[in-house]
Asker: 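Have a look at this one before I ask anything.
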Amino acid sequence: MHRYTTLPIAAALVATAALAHQGVQNPAVKARMNLMVEVKEATATIGGMVKGAIPFDADRAAQARADLIDHARRIPAAFQARETDPASEARPEIWTDWDGFTQAAEEMEQAAAAIDTSDHATLQDGLRKLGASCSGCHKPYRISK
Ligand code: HEC
């Protein structure tokens with residue numbers, strides 16, 4: 001059975017990626033954006049398998065999951081210094097509510113860890129929860145353009 005409810009989430013996350021990046025001057029901001037692009041790529045691997053655009057491959061899915069866990073753990077350090085750039089979409093709330101921000105990173109780590117990559121059928125539920133964890137941080141802490 002195929003259900004496509006998660007696709008708009010995955011597509012929307014992937015679509016915004018390349019644009020924000022252009023013209024970034026501050027290397028620290030560039031680095032944290034690059035981390036997010038890596039997050040997007042790993043998410044797209046799983047999203048592509050859910051959608052059927054990428055053939056299901058349990059090893060590749062497991063690698064994407066491991067990458068996402070690693071990326072989530074790197075988020076706090078990447079954002080800790082209050083770096084700014086005109087192209088940045090980071091909200092000041094990241095630093096005024098640091099505990100909430102790191103909690104959101106932890107929730108992404110848990111959502112990634114909870115993805116059952118053993119089967120195509122279970123991947124979809126994992127992707128939906130992972131997508132919710134992206135929004136759970138982006139809504140309060142990222143300016144949507
Ligand atoms: C703990 C917070 C947090 C979590 C969790 C999070 N993000 Fe982000 N993300 C941000 C912030 C903040 C920015 C804006 C950074 C900036 O512009 O300085 C961002 C930016 C991005 C960007 C734009 C990168 C660029 O080139 O400018 C993409 C793509 C992205 N996130 C994808 C994802 C996906 C996919 C997930 C979930 C799997 C996710 N993010 C989870 C905080 C988070």
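Note that ligands are numbered from 1 as they come in the structure, with each ligand's atoms numbered from 1 the same way. Predicted model, so just to flag it, every value in this text is computed and none were measured.
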Asker: Could you check which of Ser133, Ser144, Ser88, Ala132 puts a non-hydrogen atom nearest to atom 16 (C) of ligand 1?
Answerer: Ser88

Asker: If the cut-off is 2.8 Å, does any N/O/S atom of His138 fall short of it from atom 8 (Fe) of ligand 1?
Answerer: yes

Asker: What distance do Glu89 atom CD and His138 atom NE2 have between them, rounded to the nearest 0.5 Å?
Answerer: 8.5 Å

Asker: Indicate the atoms forming the closest heavy-atom contact of Tyr141 with Asp97, along with that distance.
Answerer: OH-OD2, 2.6 Å

Asker: Can you sort out which atoms of ligand 1 are near Val39, meaning under 4.0 Å from one of its heavy atoms?
Answerer: 33 (C), 34 (C), 35 (C), 36 (C), 37 (C), 38 (C), 39 (C)

Asker: Check ligand 1 against Val37 and write out every atom of the ligand that is under 4.0 Å from a heavy-atom position of the residue.
Answerer: 26 (O)

Asker: Which pair of heavy atoms, one from Trp98 and one from Pro76, lies closest together, and at what distance?
Answerer: CH2-O, 3.2 Å

Asker: Side chain, backbone, both or neither: which part of Arg91 comes within less than 4.0 Å of ligand 1 when only heavy atoms are counted?
Answerer: neither

Asker: I'd like to check which ligand 1 atoms, numbered from 1 as shown, lie under 4.0 Å from a non-hydrogen atom of Ala90.
Answerer: 16 (C), 17 (O), 18 (O)

Asker: Any salt bridge (charged side-chain N to carboxylate O under 4.0 Å, His left out) pairs touching residues 73-88, not counting sequence neighbours?
Answerer: Glu38-Arg74, Asp70-Arg74, Arg73-Glu109

Asker: With heavy atoms only and a cut-off of under 4.0 Å, state how Glu107 meets ligand 1: side chain, backbone, both or neither.
Answerer: neither

Asker: With heavy atoms only and a cut-off of under 4.0 Å, state how Glu89 meets ligand 1: side chain, backbone, both or neither.
Answerer: both

Asker: List every atom of ligand 1 that sits less than 4.0 Å from any heavy atom of Thr43, numbering the atoms from 1 in the order shown and giving each element.
Answerer: 35 (C), 38 (C)

Asker: Can you list the steps and then say if Glu41 with Thr45 is a side chain to side chain contact (heavy atoms under 4.5 Å, CB included)?
Answerer: CA-CA 6 Å; Glu41 283 166 0; Thr45 299; 5.7 Å; no

Asker: Please state which part of Phe79 comes within less than 4.0 Å of ligand 1, counting heavy atoms only: side chain, backbone, both or neither.
Answerer: side chain

Asker: Closest heavy-atom contact between Phe79 and Arg32?
Answerer: CE2-CD, 3.3 Å

Asker: Please round to the nearest 0.5 Å and tell me the distance separating atom CD of Glu106 and atom CD of Gln103.
Answerer: 5.5 Å

Asker: Taking atom NZ of Lys51 and atom CG of Leu123, what is their separation to the nearest 0.5 Å?
Answerer: 13.5 Å

Asker: So, taking the atom named NZ in Lys40 and the one named CG in Leu68, what distance separates them when rounded to the nearest 0.5 Å?
Answerer: 12.5 Å

Asker: Is Thr102 touching ligand 1 with its side chain, its backbone, both, or neither, if touching means heavy atoms under 4.0 Å apart?
Answerer: neither

Asker: For ligand 1, note which part of Asp85 has a heavy atom under 4.0 Å away: side chain, backbone, both or neither.
Answerer: neither

Asker: Of the listed options (Lys40, Arg142, Glu83, Arg32), which comes nearest to atom 23 (C) of ligand 1 when hydrogens are ignored and any heavy atom counts?
Answerer: Arg142

Asker: Find all atoms of ligand 1 within a distance of less than 4.0 Å from any non-hydrogen atom belonging to Tyr141, and give their numbers and elements.
Answerer: 12 (C)

Asker: Within a distance under 4.0 Å of any heavy atom of Cys137, pick out the atoms of ligand 1 and give their elements.
Answerer: 1 (C), 2 (C), 3 (C), 4 (C), 5 (C), 42 (C), 43 (C)

Asker: As an exercise, identify every atom of ligand 1 less than 4.0 angstrom from a heavy atom of Met108.
Answerer: 5 (C), 41 (C)

Asker: Which option out of Cys134, Ala42, Gly131, Ala44 puts a heavy atom nearest to atom 35 (C) of ligand 1?
Answerer: Cys134

Asker: From atom 28 (C) of ligand 1, work out which of Met36, Glu41, Gln103 has a heavy atom at the shortest distance.
Answerer: Met36

Asker: Start with the C-alpha gap between Ile115 and Leu127, add the side-chain angles, then the distance that decides, and say whether side chain to side chain contact (heavy atoms under 4.5 Å, CB included) holds.
Answerer: CA-CA 7 Å; Ile115 301 173; Leu127 178 68; over 6 Å; no

Asker: Could you give the distance from CZ (Arg65) to CD1 (Ile46), rounded to the nearest 0.5 Å?
Answerer: 9.0 Å

Asker: With a cut-off of 4.0 Å, which atoms of ligand 1 are near a heavy atom of Ile94?
Answerer: 12 (C)

Asker: What's the separation between atom CG in Asp67 and atom OG1 in Thr43, rounded to the nearest 0.5 Å?
Answerer: 10.0 Å

